[in-house]
Colleague: 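Okay, here's the structure, questions in a sec.
A, B, ... follow the sequence lines: proteins, then strands. Residue 1 opens every chain.
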Number of protein chains: 2
Amino acid sequence: MKPTVHDIARCAGVSLATVDRVLNARPGVRGATRERVEQAIVTLGYVRDLAAANLAKGRTYRFAFILPANDNSFMIGLRREVEAAIARSSVERTQIEIIEVPAFDGGALVLALENVLARKPDGVALVAIDAPQVRAVAERLADAGVAVVTLVSDLGASGRHHYAGIDNIAAGRTAANLMGRFLSKVDGRVGLLAGSMLVRDHRERLEGFLSVLSEDFPQVAILPVIEARDDPALAETSIREALRRHVGLNGIYSLGAGNRGLIRALREVDAARRPVVIAHELTASTRKALADGVIDAVLNQDAGHEVRSAIRVLKAKADGLPVLAAQERIRIDIFLKDNLP
Amino acid sequence: MKPTVHDIARCAGVSLATVDRVLNARPGVRGATRERVEQAIVTLGYVRDLAAANLAKGRTYRFAFILPANDNSFMIGLRREVEAAIARSSVERTQIEIIEVPAFDGGALVLALENVLARKPDGVALVAIDAPQVRAVAERLADAGVAVVTLVSDLGASGRHHYAGIDNIAAGRTAANLMGRFLSKVDGRVGLLAGSMLVRDHRERLEGFLSVLSEDFPQVAILPVIEARDDPALAETSIREALRRHVGLNGIYSLGAGNRGLIRALREVDAARRPVVIAHELTASTRKALADGVIDAVLNQDAGHEVRSAIRVLKAKADGLPVLAAQERIRIDIFLKDNLP
DNA sequence: GAATTTCTGATTTACGTACCTCAAAAATTC
DNA sequence: GAATTTTTGAGGTACGTAAATCAGAAATTC
């Protein structure tokens, strides 16, 4: 039988009230007594029944999710997943608020975090921009006892308790490996389409991609990076132009979001002369492009998993519990046209 | 505020006892009254607080996991994950029993299932062999109110409530896609190494692989399938012989487990003349082979996720709750040497 | 050693649900 | 309409924990 607080009281020879004082770090227990109780807890192997404790406390976890007001499919999907979590909130004892901030705007993010700090929720999840000011506010939040989890894009280990997202260096390296092997011609020329170098995820993908390409596929030439701010229209014109200018362009790695424009530009090219294309995030448009053979591979992060994982971690941090690292690792999904879910 | 049983009682104008009778399907309530209560439940949007209910009931979920007594790394890892779940059982209100049966032995599996049926647990998870007799016992279990979940290898939709494993046809198709694209030579010859055609997962991988290869890469020739019963020693000699006999062999798809033997045989070949190799399950040996360039890609299913998912689903089924399909989808991980976790 | 402060024990209520008993009310049967 | 059965109400206890009160015991201070 699982030991309860009563068993501890009996084992330590103290009353229930004293056990409660020790367990909940309330004052009014002498050091010697406290140790006796802690000893009893260890010897009996007591673990607090979280369900019963939350019931007694009537606890609800208050969390804030700060999301960029981007209108690309991935961010829309991410928001939808947070909304789905809100719909489950009565069952999960959570109370989640979504805060939208302009995309790629460090100042706005800092302001939003400061507003959150004033309300002192149990935890915050944010799609980070890894600027020093952002990190500073994040640290103040952590100091104030608020659990901080970065989502999708990271902040560096110092600024947060946990990162719920993929390893973007590995993603870039994987893209390069696939690109190198899919390019049958040895004299490949590869173009790169990014969102913004302000966010860490894009920078890391680029870094990983370049390092593997130069190490393992030195014969492949790399063209200058095009930054399109995850904007479909901008991406479309840039790619169309690049395709026209660089006639030997036979590979494109799109490491950001907003692939609708890229795909539109690609569809204008003859199937036989289309470059090998690797993109990120499985959305309606990338899925269709993959099925049609316009895109060759999609690296994906599952927004639903990220949101659910972030909530689990926020809860654990709020309760001072450890997180199961293996369970919370967000994986890089690789989709070819044959393993579309 | 979340409505409680008290709110229902007040809203329906009945006593708490009557609400309880309706909620727990106890007899002694007139049809008209029952309807009034059900109406109140709907209008108030009541959802039973599972934590409180389980606390009151002192409930523990009794589950049985039937695993093949295979000694390949994947099955050992799977068992370890179930043991990890057992270690969490006091927190998760579960009581899990592991039952080992000889591998690839339908009769033994049937016997084990019948023993389980006699004890009537809340749920069973099994690595299935999809024989008619196995399906028949599984159906009897389901009829007896036991939740049945297949793990890793499926049984066909009729025999179980849920399948916690990857889509093996898609896995085979994916392997073929990668194989076709990785083989730079157009006149490839591909060898196939399987465990046993008795289990559905191996059959389905083979089916998917062959169909994509013949559709999209018709120039690739396929050699007869080698069945090695997931036995490393058997695999080693078979592959060594195949490599000697078929000098033009430049691709191998290992769709079963027990890759240690395959890898040993491969290491004897000159790096320059090694075939493109795609295998299943990330273990210590396949991981090392991947890092060393002996294997080119590994398709993996995360045993930890499968076990945790199976438990979540068994709980949901035991409580008559729906499962979140998106959350429980087990994904095909594709590992290259650049995205090893 | 008296006064004060600090600990500790005993007891109670509460969270939301399950499950039990007993009596009263209502409906049904004869 | 009396006897019977069925339905309903009222109330309690329990699960494991949190949080509170209040009295008394022990330690500390002067």
Side-chain angles (χ1 to χ4, degrees), chain A residues 1-41 44-61 89-95 318-321, chain B residues 1-41 44-61 89-95 318-321:
Chain A
M1 277 292 97
K2 249 182 82 179
T4 73
V5 279
H6 296 86
D7 299 319
I8 299 176
R10 204 167 337 106
C11 174
V14 299
S15 78
L16 218 60
T18 303
V19 175
D20 181 63
R21 288 179 187 117
V22 173
L23 277 176
N24 296 290
R26 269 184 272 275
V29 183
R30 225 181 324 156
T33 316
R34 160 159 282 129
E35 267 178 37
R36 271 222 317 286
V37 173
E38 277 163 357
Q39 186 54 48
I41 289 172
L44 290 179
Y46 169 82
V47 275
R48 168 201 252 112
D49 185 327
L50 246 189
N54 284 343
L55 177 61
K57 275 198 283 216
R59 160 151 222 182
T60 56
Y61 301 84
S89 58
S90 69
V91 184
E92 296 183 352
R93 296 180 178 282
T94 52
Q95 196 180 323
D319 290 331
L321 261 44
Chain B
M1 278 290 97
K2 251 183 83 178
T4 72
V5 279
H6 297 85
D7 299 319
I8 300 176
R10 203 166 340 106
C11 174
V14 299
S15 78
L16 218 59
T18 303
V19 174
D20 181 65
R21 287 177 188 120
V22 173
L23 277 175
N24 295 292
R26 268 186 271 276
V29 182
R30 223 183 327 158
T33 316
R34 160 160 280 128
E35 266 177 39
R36 268 220 319 286
V37 174
E38 277 162 355
Q39 186 54 48
I41 290 173
L44 291 180
Y46 169 83
V47 274
R48 169 201 251 112
D49 184 328
L50 245 190
N54 283 344
L55 177 62
K57 275 196 284 215
R59 161 153 219 181
T60 58
Y61 300 84
S89 58
S90 68
V91 185
E92 297 184 350
R93 298 181 177 280
T94 52
Q95 197 181 323
D319 291 330
L321 260 43

Colleague: Starting at CG of B:N54 and ending at C1' of C:dA18, how long is that distance when rounded to a whole Å?
Modeller: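 Nearest whole value for this atom pair: 11 Å.
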Colleague: Give a yes/no answer on whether the side chain of A:T4 brings an N or O atom under 4.0 Å of OP1 or OP2 in D:dG16.
Modeller: no
Colleague: Looking for any heavy atom pair under 4.0 Å, which part of the strands does B:G31 touch: base, sugar-phosphate only, or nothing?
Modeller: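 Since no nucleic acid heavy atom lies under 4.0 Å of B:G31, the category is nothing.
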Colleague: Taking the minimum atom-to-atom distance to the side chain of A:A17, which one of D:dC15, C:dG9, D:dT17 wins?
Modeller: C:dG9
Colleague: Can you sort out which residues in residues 21-30 of chain A have a heavy atom within less than 4.0 Å of DNA chain C? Ascending by number, please.
Modeller: A:R21, A:G28, A:V29, A:R30
Colleague: Can you check whether B:L16's main-chain N or O pairs, donor with acceptor, with B:D20's side chain at less than 3.5 Å?
Modeller: no
Colleague: Can you check whether A:T18 has a side-chain N or O nearer than 4.0 Å to OP1 or OP2 of C:dG9?
Modeller: yes
Colleague: Give the minimum heavy-atom separation between A:P3 and A:L44, together with the two atoms involved.
Modeller: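 Heavy atoms only, the tightest pair is CG-O, 3.4 Å.
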Colleague: Both B:A52 and B:A32 contact DNA chain D. Taking the nearest nucleotide for each, which residue is further toward the 5' end?
Modeller: B:A32
Colleague: Does a salt bridge link B:D319 with B:R48, judged by any charged N lying under 4.0 Å from a carboxylate O?
Modeller: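 Looking at B:D319 and B:R48, the cut-off is not met.
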Colleague: Of A:V29, A:V22, A:V37, which meets side-chain contact (heavy atoms from CB on, under 4.5 Å) against A:V14?
Modeller: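 Between A:V14 and the candidates, side-chain contact (heavy atoms from CB on, under 4.5 Å) is satisfied uniquely by A:V37.
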Colleague: Can you tell me how far P of D:dG16 sits from NE2 of A:H6, to the nearest Å?
Modeller: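 To the nearest whole Å, that distance equals 8 Å.
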Colleague: What distance do B:L50 atom CG and B:L55 atom CG have between them, rounded to the nearest 0.5 Å?
Modeller: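 Reported to 0.5 Å precision, the distance equals 12.0 Å.
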Colleague: Rounded to whole Å, please give me the gap between CG in A:D20 and P in D:dA19.
Modeller: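 These atoms are roughly 7 Å apart.
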Colleague: In this structure, how many angstroms lie between the C1' atom of C:dG16 and the CD1 atom of B:I8, rounded?
Modeller: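 Rounded to the whole Å, the gap is 11 Å.
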Colleague: Looking only at the side chain of B:D49 (C-beta and beyond, no hydrogens), which of the listed nucleotides C:dT17, C:dT8, D:dG9 gets closest?
Modeller: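 Closest nucleotide to the B:D49 side chain: C:dT17.
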Colleague: Do B:D49 and A:R93 pass the side-chain contact (heavy atoms from CB on, under 4.5 Å) test, and can you show the C-alpha distance, the side-chain angles, and the key distance before you say yes or no?
Modeller: CA-CA 10 Å; B:D49 184 328; A:R93 296 180 178 282; 2.7 Å; yes
Colleague: Would you say A:R48 places a side-chain N or O within less than 4.0 Å of OP1 or OP2 belonging to D:dA18?
Modeller: yes
Colleague: What's the closest nucleotide to the A:L55 side chain, out of D:dG9, D:dA18, D:dG16?
Modeller: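 Between D:dG9, D:dA18, D:dG16, the one nearest the side chain of A:L55 would be D:dG16.
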Colleague: Both B:G13 and A:K57 contact DNA chain D. Taking the nearest nucleotide for each, which residue is further toward the 5' end?
Modeller: B:G13
Colleague: Once rounded to the nearest 0.5 Å, what's the spacing between atom CD of B:E92 and atom OG1 of B:T60?
Modeller: 12.5 Å
Colleague: Roughly, in whole Å, what's the span from CG in A:D7 to P in D:dC15?
Modeller: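 After rounding, the gap between these two atoms is 11 Å.
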Colleague: Report the distance from atom CZ of A:R93 to atom C1' of D:dT17, rounded to the nearest whole Å.
Modeller: 12 Å
Colleague: Between B:R36 (CZ) and D:dG9 (P), how many Å, whole number?
Modeller: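 Checked: the CZ to P distance equals 8 Å.
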Colleague: Rounded to the nearest Å, what distance is computed from the CZ atom of residue B:R34 to the C1' atom of nucleotide D:dT7?
Modeller: 11 Å
